[in-house]
Amino acid sequence: MKTSKLTVSDVLKRKHFEHIHIAAGHQGLNRTVKWVHVVEVAKISNLLKGKELILSTGVGWKENKSLFMSFVQQLIECDASGLCIEIGTYASSIPQEVIDLADECQFPIILFLKEVPFVEITQDIHAYLINQHYQIISNLESYSQELNKKLLSIGHYDEILKFLHHYLGHQVIFKINGKEVELVPKYVKRSDEEQQSFDSALYPQQKIASQSIQILGNEYAELSIVSIDKEINEFDLLILDRTATALAQHLLRDLYVEEKKRAQEHEWLKSWLEGEHTSEAIFDYLADHETELRFKGGFVSIFRFKSSKQYLNLDITYFKLLCRTIFEQQGFSTFPVDFRNSVIFIMVNKRDLKTWKHRMKMGIKYLLKSDFVNKKRVPKFLIGVGKFVENLSHMDKSYRTALETIKIQNQLGEKANSYFYEDLHIYRIISFIHKCSDLHEVVMEYLEPVIQYDKKYNGKLMETLKVYLECNGSKKETARKLFVVRQTLYHRIQKLEKLLGDDFMHPEKRLAIEFMIKAYEYFMPNNETQYVQNDQ
């Protein structure tokens with residue numbers, strides 16, 4: 001269905017325009033008219049919004065040529081549709097300078113050769129415009145109802161695209177994740193040179209309109225209409241917007257159904273995490289789920305909630321769908337597995353190996369900033385990213401390191417500074433040693449005198465020791481970081497020498513003490529190691 005705009009040429013065919021003369025601007029008769037104003041003042045620029053047809057007797061400028069010139073210039077700058085002047089009472093002729101200006105700017109100036117009732121003209125045109133707007137609303141509502149009916153029965157989104165093309169008559173382009181997936185109608189096959197020439201003619205700025213399709217707060221697709229022989233009007237844009245909303249609903253429904261099917265594959269994926277599948281079996285599984293088999297290793301990421309109650313109260317299907325949408329845009333295929341109060345993702349990399357970590361960081365950033373998480377619909381959760389493995393049959397190794405990352409994250413609390421196993425360095429060693437022996441006893445052997453002194457005197461010696469070691473024994477730098485004067489620092493260092501021995505900066509002993517400080521941070525609750533927060 002098509003809606004026509006009202007032009008100056010259309011207005012001239014209506015009642016009361018029988019006796020007119022087009023004095024200037026013949027090339028602008030196709031200008032759009034959105035409203036009609038009667039204007040009898042010379043200063044008008046602050047009163048117009050654009051696309052108005054101006055009716056005037058000329059009383060505002062009478063025979064003042066410069067004032068008349070200024071008046072027309074204002075109308076042109078305000079993008080008025082045209083000027084209709086009643087000749088006789090106040091204006092008898094149009095200066096040549098005004099005619100030249102109007103012709104140059106393709107601005108129509110129409111002369112009423114006989115007296116006409118301006119009131120009846122405005123009533124007639126305004127009634128026409130109001131009826132046209134009502135018809136647009138009625139057509140839009142009719143289109144929306146028809147579109148909603150189709151959503152209940154269609155099996156593929158191309159039926160929506162064909163419906164849009166049939167209704168507006170424009171070329172329709174549909175892209176998902178930046179890739180063109182549908183063109184309605186299909187182009188006739190051309191040579192590359194012909195196609196380039198055709199595209200250049202087809203895509204001028206003023207003849208294309210696009211609408212992004214948001215799913216779960218992320219841009220998932222884009223719908224565009226292209227017009228070859230006419231401008232795209234406001235009605236076209238409204239129809240485009242309604243269609244984009246319908247497509248979003250259809251795509252979300254498909255994604256939700258697909259996510260439900262994925263839940264049925266839980267057991268197979270769990271076996272993959274446990275290392276029970278061969279490379280051949282994994283390849284066959286991926287071949288059934290992916291169109292492009294360009295896999296470059298992968299890893300496991302775990303999202304663990306604090307309690308089973310929080311996990312059960314969450315819309316897990318929606319959460320997995322959100323994660324999948326975000327991480328697939330970063331170049332990963334995601335295969336989720338639910339386990340107790342965790343959602344575990346097997347992440348298969350499809351892009352450059354060197355960028356996987358950066359892309360994963362970006363995905364986590366977008367997830368934490370999403371409305372679903374940010375508006376407290378999701379309780380706080382831990383994130384653990386395991387070791388990257390190039391052989392997908394070794395995913396069990398990444399799974400074990402992801403679990404270790406979650407354990408360390410849980411132990412460190414707010415002191416944890418990375419979601420990635422490979423960034424935890426010293427804490428991985430501490431965790432491993434602690435499994436084999438009572439590392440806590442060794443820590444206290446080295447640090448207990450300092451810890452007890454701080455508890456008794458609030459001497460801040462542990463904080464001083466940590467910063468002093470980090471500054472490689474530089475007293476100036478240590479004092480600056482601790483915000484204390486040199487004399488206070490010297491006094492604290494003397495205390496440390498008495499408690500730890502005056503050789504505590506000896507390379508081997510210093511290395512052991514630095515290790516024990518990290519282990520102490522690992523073992524102690526957050527409220528007992530607050531000095532750590534000062535340097536983060």
Side-chain angles (χ1 to χ4, degrees), residues 1 136-137 139-185 208-227 232-263 291 314-334 336 362-363 365-375 377-378:
M1 185 175 294
I136 288 174
I137 294 171
N139 292 344
L140 184 63
E141 184 61 28
S142 175
Y143 177 85
S144 299
Q145 290 179 2
E146 193 67 28
L147 199 57
N148 290 333
K149 289 179 183 178
K150 286 187 174 294
L151 281 176
L152 298 175
S153 59
I154 62 173
H156 195 271
Y157 57 73
D158 62 354
E159 296 184 46
I160 296 176
L161 303 179
K162 290 176 182 176
F163 181 58
L164 172 62
H165 166 68
H166 176 74
Y167 195 85
L168 292 182
H170 296 316
Q171 175 79 52
V172 176
I173 302 174
F174 184 55
K175 297 179 181 179
I176 293 180
N177 289 331
K179 295 181 180 179
E180 188 176 291
V181 295
E182 199 71 39
L183 215 55
V184 181
I208 183 168
S210 300
Q211 177 71 45
S212 67
I213 296 175
Q214 303 281 328
I215 294 183
L216 306 178
N218 294 278
E219 185 173 329
Y220 183 80
E222 183 183 65
L223 178 66
S224 302
I225 53 174
V226 181
S227 175
I232 292 174
N233 58 37
E234 292 181 8
F235 180 72
D236 295 336
L237 297 177
L238 291 171
I239 292 294
L240 177 66
D241 181 69
R242 293 292 176 94
T243 309
T245 301
L247 278 169
Q249 294 172 354
H250 179 78
L251 292 170
L252 182 60
R253 183 187 69 187
D254 283 355
L255 289 171
Y256 199 88
V257 170
E258 186 178 343
E259 198 64 37
K260 283 288 187 181
K261 290 179 181 178
R262 285 171 174 260
T291 56
L314 182 69
D315 187 345
I316 291 298
T317 300
Y318 194 95
F319 179 74
K320 289 189 293 185
L321 181 55
L322 174 62
C323 291
R324 180 187 170 201
T325 302
I326 290 174
F327 291 118
E328 286 195 351
Q329 290 179 349
Q330 297 299 318
F332 303 109
S333 290
T334 59
M362 293 301 296
K365 178 182 176 181
Y366 293 146
L367 174 64
L368 297 179
K369 285 188 174 182
S370 66
D371 289 343
F372 186 70
V373 173
N374 215 25
K375 291 184 178 178
R377 295 172 61 186
V378 177

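- If you take CD1 on I176 and CG on L251, they are separated by 5.5 Å, rounding to the nearest 0.5 Å.
- Residues forming a side-chain contact (heavy atoms from CB on, under 4.5 Å) with I326 (at least two apart in sequence, or on another chain): N218, L322, Y366, L367.
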Margin query: Please determine whether side chain to side chain contact (heavy atoms under 4.5 Å, CB included) holds for the pair F372 and L314, giving the CA-CA distance in whole Å, both sets of side-chain angles, and the decisive distance to 0.1 Å.
Written below: CA-CA 11 Å; F372 186 70; L314 182 69; 3.9 Å; yes
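- Residues H170 and H165 approach most closely at O-ND1, 2.7 Å, considering heavy atoms.
- Interatomic distance, H250 NE2 to L152 CG, rounded to the nearest 0.5 Å: 12.0 Å.
- For the side-chain contact (heavy atoms from CB on, under 4.5 Å) test, residues two or more places apart in sequence or in another chain that qualify with D315 are Y256, T317, Y318.
- When the options L238, V172, I213, L223 are evaluated for a side-chain contact (heavy atoms from CB on, under 4.5 Å) with T243, the one that passes is L223.
- When every heavy atom of I232 is checked against every heavy atom of S227, the shortest pair comes out as CG1-CB, 3.9 Å.
- One distance of note links CD1 of I154 with NE2 of H156; it measures 9.5 Å at 0.5 Å rounding.
- Around atom CD of E146, more than 12 heavy atoms belonging to other residues, nucleotides or ligands sit under 6.0 Å away.
- Contact of the Q171 side chain with the I225 side chain is not registered, since no non-hydrogen atoms from C-beta on lie closer than 4.5 Å.
- Taking CD1 of I215 as the reference point, atom CD of Q249 lies at 10.5 Å (rounded to 0.5 Å).
- In this structure, the separation between CD on E219 and NZ on K175 is 10.5 Å, given to the nearest 0.5 Å.
- Separating the CG atom in L161 from the CG atom in L247 is a distance of 5.5 Å, to the nearest 0.5 Å.
- For A209 against L237, the heavy-atom pair with the smallest separation is CB-CD2, 3.5 Å.
- Side-chain contact between L255 and R324: present, with at least one pair of heavy atoms (C-beta onward) separated by less than 4.5 Å.
- Remark: the S144 side chain and the R242 side chain contain an N/O donor-acceptor pair separated by less than 3.5 Å.
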Item checked: Audit row: F174, D158, side chain to side chain contact (heavy atoms under 4.5 Å, CB included) steps and yes/no -> CA-CA 9 Å; F174 184 55; D158 62 354; over 6 Å; no
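- The two residues R253 and L151 come nearest to each other via the heavy atoms NH1-O, 2.9 Å.
- Ring geometry for Y143 versus F163: interplanar angle under 30°, hence parallel rather than tilted (30 to 60°).
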